[in-house]
Amino acid sequence: MSRFEPREIEPKWQAAWDTAGTFTATRDAAKPKYYVLEMFPYPSGRIHMGHVRNYTMGDVVARYKSSCGFSVLHPMGWDAFGMPAENAAMEKGTHPGDWTYKNIDDMRAQMKPLGLSIDWSREFATCDPEYYGQQQAMFIDMMDKGLVYRKNATVNWDPVDMTVLANEQVIDGCGWRSGAPVERRDLTQWFFKISDFSEELLDALDGLDNWPDKVKLMQRNWIGKSRGLQFAFSTIDAPDGHDRIEVYTTRPDTLMGASFVGISPDHPLAKHLEAHNPDIAAFTAECRKGGTTEEAIETAEKLGMDTGIRVRHPFDTAWELPVYIANFILMDYGTGAIFGCPAHDQRDFEFASKYKLPITPVFEPAEGADPLTEAYVPLKTEKVRYVRSFAGDEIQTGEDGVNTAIDFCESNGIGHGVTKFRLRDWGLSRQRYWGCPIPVIHCETCGVVPEAKENLPVELPKDVTFDKPGNPLDRHPTWRNCACPTCGADAQRETDTMDTFVDSSWYYARFTAPRATTPTVAEDADYWMNVDQYIGGIEHAILHLLYSRFFARAMHLTGHLPKKAIEPFDALFTQGMVTHEIYLTRDESNRPVYHLPEEVEDGKVKATGEPVQVIPSAKMSKSKKNVVDPVNIINAYGADTARWFVLSDSPPERDVEWTASGAEAAYKHLGRVWRMAGDIASQTGNGEGDDELLRAMHKAIHDVTMGIESFGFNTSVAKLYALANAIQKSKAGADTRRQAMLVMAQLMSPMTPHLSEEIWSLLGGEGLIADAPWPKADAAMLVEDTVTLPIQINGKRRSEISVPKDMPKEEVEKLALAHDAVVKALNGGAPKKLIVVPGRIINVVI
RNA sequence: GCGGGCGUGAUGGAAUGGUAGACAUACCAGACUUAAAAUCUGUUGGGGCGUAGCCCCGUGUGGGUUCGAGUCCCACCGCCCGCACCA
C-alpha cells in the first residue's frame, strides 16, 4: 500500500468534477433550489486562512444541500473597486485596473486547488464595465424614484495634500501621508435616502428568523428608533434669527433638572457666533480638529465654551440657563442641540462638574448611589419617585415618566412628541478614481441630470495618472467633457465615484444572471432569490448587511427584484476569524521585529537561534507577520487537510487559532482514514459486532447531519472521529465494514471531497460521491433499550441506575427510593421532594 | 465614549436548565523497531482519604433565581468586533 498523496488525488477529482460539470448551477423546475453565498473577497492578491475558512463552510453547505437533492447555486466573484488599487498605483506606478485583474487571476489560481464546488462560469468582478454599467442604470432608476439626492456633508480634509481622506487614512487626527492635522470640511455629496426605510428596515428584522440575534440587535440599535420631545428654548440676547433653540430629548421627564443648553460646533447659531467672535471662532476651530468618526468625537476630551447667551426654562421664565458650545454634540442627530441634565446623565454630569454648573436631581437617587460622584441613570423599566416633576410627584417607571412628560408638555404648548431615528442617509460620493462613476452630468442650463441610459456604461478612462494626491478624474483633460443628454449643450461629468458598498449591495442578485444586459432577469431572480444561506464575517453585521437590505428594497421599487427578495438573505451566519500567535524579537533600539511562523521553531528563530517572545492569538495581519499562507499548507498537506482543519475544533462563529500541530493532526487523521479504506477494500469474510457498528454508523449519520444543519461543523468533525474509531475497533464482517466506510466517506464528503471521492471509487461506490444522495439514518437504529439515569441527592450526583427506556415514571421513582445511596441518605426519613425527569435525571431533595 | 459579543483542563473545545470536560492536541507509559520516525494501545481537571472505592473543590470574579446553573438574571474584570470614507 502506497502513501496518502493528496497532491495526486486532488487534481484528479477536480478534473473529474469539471468534466462532469458537477457544479454548474441550472434552473431546474423539478428541483427545489438552494442558493449559498459567501461574502465575496476583495482581490488583494493573496488568499488568507479567513477566506479558506469562509469558503470551506459555504462549500460544506453547498455540497450537503446538493446531496440532499437541491439545485444549488454557489457562485464566486470579486469586490474589486477600492482604495488599495489606487495606493498600489501611487506606490508602484501600475494602473489600478491592471493591478486588480492581475490579483484576481492570482487569487483564483490560489483558490481553485481548494476544490470548492463553485460555478465559476458565473464569476465577475465589480470593476467589470458590464457590472458597474448595470449599477449605473439602477442608480438612474433610483434617481427617478426620488431615492437619490445631494446635500452638504462633512469629510476629512488633508490641508497639505489638498485631498479628502478616508477615516482609515486619519491616524491620531492627522493625514497618513502628510502628517498634517486633519480638518473637517463640507462638500456637496450624493446620498441614498435610506432613511425613508428606517421604520421598514427596523420592523422587517422581526421576520429574519434565521439571522443571529446579535446582528439583529446591532441593526436595531444602529437604526435607533426613539420617542422623545422636541421643543424650543427662547433665547435672551441672541443674534437675529436665533430667538429659539430647538432641542430634542428622549428624557423630557428630567427637564426640571436642566442646568445648561449645549449646541454642536456645527449648529447654525455656533456658525453665526464664530463669524463675529474670534474667541468662539478659535474654539469651534479647535472642535473641528480631528477625524469625522463618531468614535473620535465621542472619545475626545469633553470641551465646552459659554456663548454668553442665555435661554429661559420653558416652565419658569425666570429660570435662565447658559448656552454652551460643546464638542461632543453631533449635528447629525436630533437638532444638534441638547439640554444638559447632569444629575441623570453621566456625560452631562462630567461636563457640569468641569464647568461648575449646577447638578439638580429630578428623582430620588437609587439605594447607595452617590450623586456627588456619578449621575443616577435609572433603567427604562425601573420605578422611580420623582421629586421635581412638573407632572406631579409620582412613582412611575422611567418610560411612563417620559410619556407623562410628553403629554404634559404637549397639553401646555411646549413642543410635541416626535419619533426619531439615528440612521442617517447613505453618503455614497467618493472623490476617487477606482470606483463606479456616478452617471450624472452637470449642465449649465439643465442643472444636474442623469446620463442617458443608451450611453451607459460611463466607463472609467484608462489614461490617468496617480503622481499627485486627489481624484485623477478631476484633472483628466477630456473625460469630463460631454454633451448634456437633455439639451445637447457642452456639459461636464460628475467626477465622484460610488462608495464600494454600493457594488457589494446587489452582487448577490447579479449572480442569478451574471451576463444579462439588464441588471437582473426576472425569471432567474424569481428562481434563485433569495440567498438561502449567507456566510461572512461579523464585522459586516451592520453596514454591508443594512445597505444590502436597503438596496434590495430599492431594486424592488425600480423593478429589478421580486417582492419576495426585499429581504435578500433568508439565513445569515457570521463566522469568526482565523488567528495566530505573533512571534517577535527586539532590535538594538528595542523595537519589535516580527517573524513569520515558518521562520520560528521551538520558540527560537530558526536562522539565528534567538528566542522569540510569543504574543497569543491575534487576527492575522501582514504587519505582524502572523500569517499562514494557505498555498503553503495546500502544497504541504493538500486541500482536504486545510479544509478539515478549519472546520475542526473551533465552533464556526468563534475565532480559530491556526496551529501547526493542528494541521499536522488533521493530515494524520485523513491518512488514517485513507489506510483504513485500503484495508477494508482487501478484506473478506464474516466477523462479529456487525449490529454495533451499524448502530454507530446510523448514530453518526444523525449526528453529523444535525451538526451540518446547525452550523456545528466542529461537532460534526468530532462525530466523524468517533465513527472512524468505531470502524477501526470493530471486528464486524467485511461487508458491514465496507458499508460503514462508504457512509463515512459520504458524511465526510462536504468537508474532504477529494479523499471521499477516492474512497468511494476504491470501495466500489457508484458514480461520483458528489452526485450520491445523502445517507439517511434509520430511526430504529438510534434508540437504546436502556438508559442510565444519574441519581442526585440535593443536586449533587451520588449514584446512577440503569432502567428500561420506557419505564413509567412511578416505577423509576420507586426504584430510586429503594436505591442504596438514597436509602442511606434518607436514613429512614422521607424525601422533601423527588424529581424524576424521564430519560434524564433523578434528584432526591432531603 | 456608545452599541454588540465572548470567557470551560496544559491546549482547541463538548454539553435542548439535568452525569462538566465528548472529540482532538500535548504530555506520559507500553507495543512494534538495532534505533528513530511512522503506526497501534493505554493513562491524564485539581486536591484528599482508610485507594476494587469514597469525599471535597472546580466553567473569568462577586451576587441572585432554581430541586438543579457552564447555560437564565444583575454587577464587575479581561479580550474581541462595529461606530456611517477600510473592505
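Naming: A, B, ... by sequence-line order, numbering from 1 per chain.
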Under 4.0 Å between any heavy atoms, over every strand shown, what does A/S648 touch: base, sugar-phosphate, or nothing? Just pick one. nothing

Please classify the nucleic acid contact of A/L217 as base, sugar-phosphate, or nothing, using heavy-atom distances under 4.0 Å. sugar-phosphate

What is the distance, rounded to the nearest whole Å, between atom OH of A/Y667 and atom C1' of B/rA24? 19 Å

Find the distance A/D79:CG to B/rC86:P and express it as a whole number of Å. 13 Å

Paired stems touching RNA chain B, three or more consecutive Watson-Crick or G-U pairs with both distances under 3.5 Å? B:1-7 with B:77-83, B:10-12 with B:23-25, B:28-31 with B:39-42, B:45-49 with B:53-57, B:60-64 with B:72-76

Which part of the nucleic acid, if any, lies within reach of A/G82 when heavy atoms closer than 4.0 Å are counted: base, sugar-phosphate only, or nothing? sugar-phosphate

Quick one: do the A/D474 and A/T495 side chains pair a donor with an acceptor below 3.5 Å? yes

Does B/rG7 have its OP1 or OP2 closer than 4.0 Å to a side-chain nitrogen or oxygen of A/R654? yes

Euclidean distance, atom CZ of residue A/F349 to atom C1' of B/rG1 [Å, nearest integer]: 17 Å

For A/V170, which contact category applies under a 4.0 Å heavy-atom criterion: base, sugar-phosphate, or nothing? nothing

In this structure, how many angstroms lie between the C1' atom of B/rA87 and the OH atom of A/Y547, rounded? 13 Å

Please report the interatomic distance CG(A/L201) to OH(A/Y547), rounded to the nearest 0.5 Å. 11.5 Å

Any A/R424 side-chain N or O less than 4.0 Å from OP1/OP2 of B/rA84: no

Pairing of A/E653 and A/K214 as salt bridge, 4.0 angstrom limit: no

Of all the nucleotides listed (B/rG1, B/rU25, B/rC6), which has the minimum atom distance to the side chain of A/E298? B/rG1

Rounding to a whole Å, what distance do you find between A/K719:NZ and B/rG13:C1'? 13 Å

Give a yes/no on whether any side-chain N or O of A/K833 is located under 4.0 angstrom from OP1 or OP2 of B/rU66. no

Contact class for A/V844 vs. all strands (heavy atom < 4.0 Å): base, sugar-phosphate, or nothing? nothing

Do A/H544 and A/M39 have side-chain heavy atoms sitting under 4.5 Å apart? yes

Within the 4.0 Å heavy-atom criterion, would you say A/R672 contacts the bases, only the backbone, or no part of the nucleic acid? sugar-phosphate

B/rC86 P sits how many Å from A/E86 CD, rounded? 14 Å

Could you tell me whether the phosphate oxygens of B/rA84, OP1 or OP2, come under 4.0 Å of any side-chain nitrogen or oxygen in A/N167? yes

Sequence-distant partners of A/A665, side-chain contact (heavy atoms from CB on, under 4.5 Å), two or more places apart: none

By the 4.0 Å heavy-atom rule, please label A/W426 as base, sugar-phosphate, or nothing. nothing

Does any N or O donor sit under 3.5 Å from an N or O acceptor when you compare the side chain of A/Q431 with the base of B/rC85? yes

In whole angstrom, what separates A/Y433's OH from B/rC85's C1'? 19 Å

Member of A/W644, A/F4, A/Y637 meeting the ring pair (Phe, Tyr, Trp, His ring centres under 6.0 Å) criterion with A/H669: A/W644

Nearest-nucleotide wise, let me know which of A/Q792 and A/T500 is further upstream toward the 5' end of RNA chain B. A/Q792

So what does A/I842 touch, heavy atoms closer than 4.0 Å: a base, only the sugar-phosphate, or nothing? nothing

Spell out yes or no: do the side chain of A/N221 and the base of B/rG3 have one donor N/O and one acceptor N/O closer than 3.5 Å? no

Does A/P831 reach the side chain of A/V845, with side-chain heavy atoms less than 4.5 Å apart? no

Looking across every strand, which nucleic acid part, if any, lies under 4.0 Å from A/V845 by heavy atom: base, sugar-phosphate, or nothing? sugar-phosphate

Check A/Y433, A/Y42, A/Y132 against A/F81 for a ring pair (Phe, Tyr, Trp, His ring centres under 6.0 Å) and give me the one that passes. A/Y132

Ignoring hydrogens and geometry beyond distance, is a side-chain donor-acceptor pair present between A/Y131 and A/W506 at under 3.5 Å? yes

Taking OP1 and OP2 of B/rG13, is either one under 4.0 Å from a side-chain nitrogen or oxygen of A/S650? yes

Is A/G671 touching bases, backbone alone, or none of the nucleic acid, heavy atoms closer than 4.0 Å? nothing

Distance only, no hydrogens: is a donor on one side chain within 3.5 Å (strictly under) of an acceptor on the other, for A/N167 and A/T293? no

Could you tell me whether A/F501 contacts a base, only the sugar-phosphate backbone, or nothing, with contacts defined as non-hydrogen atoms closer than 4.0 Å? base

Would you mind classifying the nucleic acid contact of A/T299 as base, sugar-phosphate or nothing, using non-hydrogen atoms under 4.0 angstrom? base

Contact class for A/A541 vs. all strands (heavy atom < 4.0 Å): base, sugar-phosphate, or nothing? nothing

Touch check for A/N725, heavy atoms < 4.0 angstrom, all strands: base, sugar-phosphate only, or nothing? sugar-phosphate

Below 3.5 Å, does any donor atom in the side chain of A/E295 face an acceptor in the base of B/rC83, or the other way round? yes

Using only heavy-atom distances, decide whether a donor-acceptor pair under 3.5 angstrom links the side-chain of A/R798 to the base of B/rU19. no

In this structure, how many angstroms lie between the C1' atom of B/rG18 and the CG atom of A/N794, rounded? 15 Å

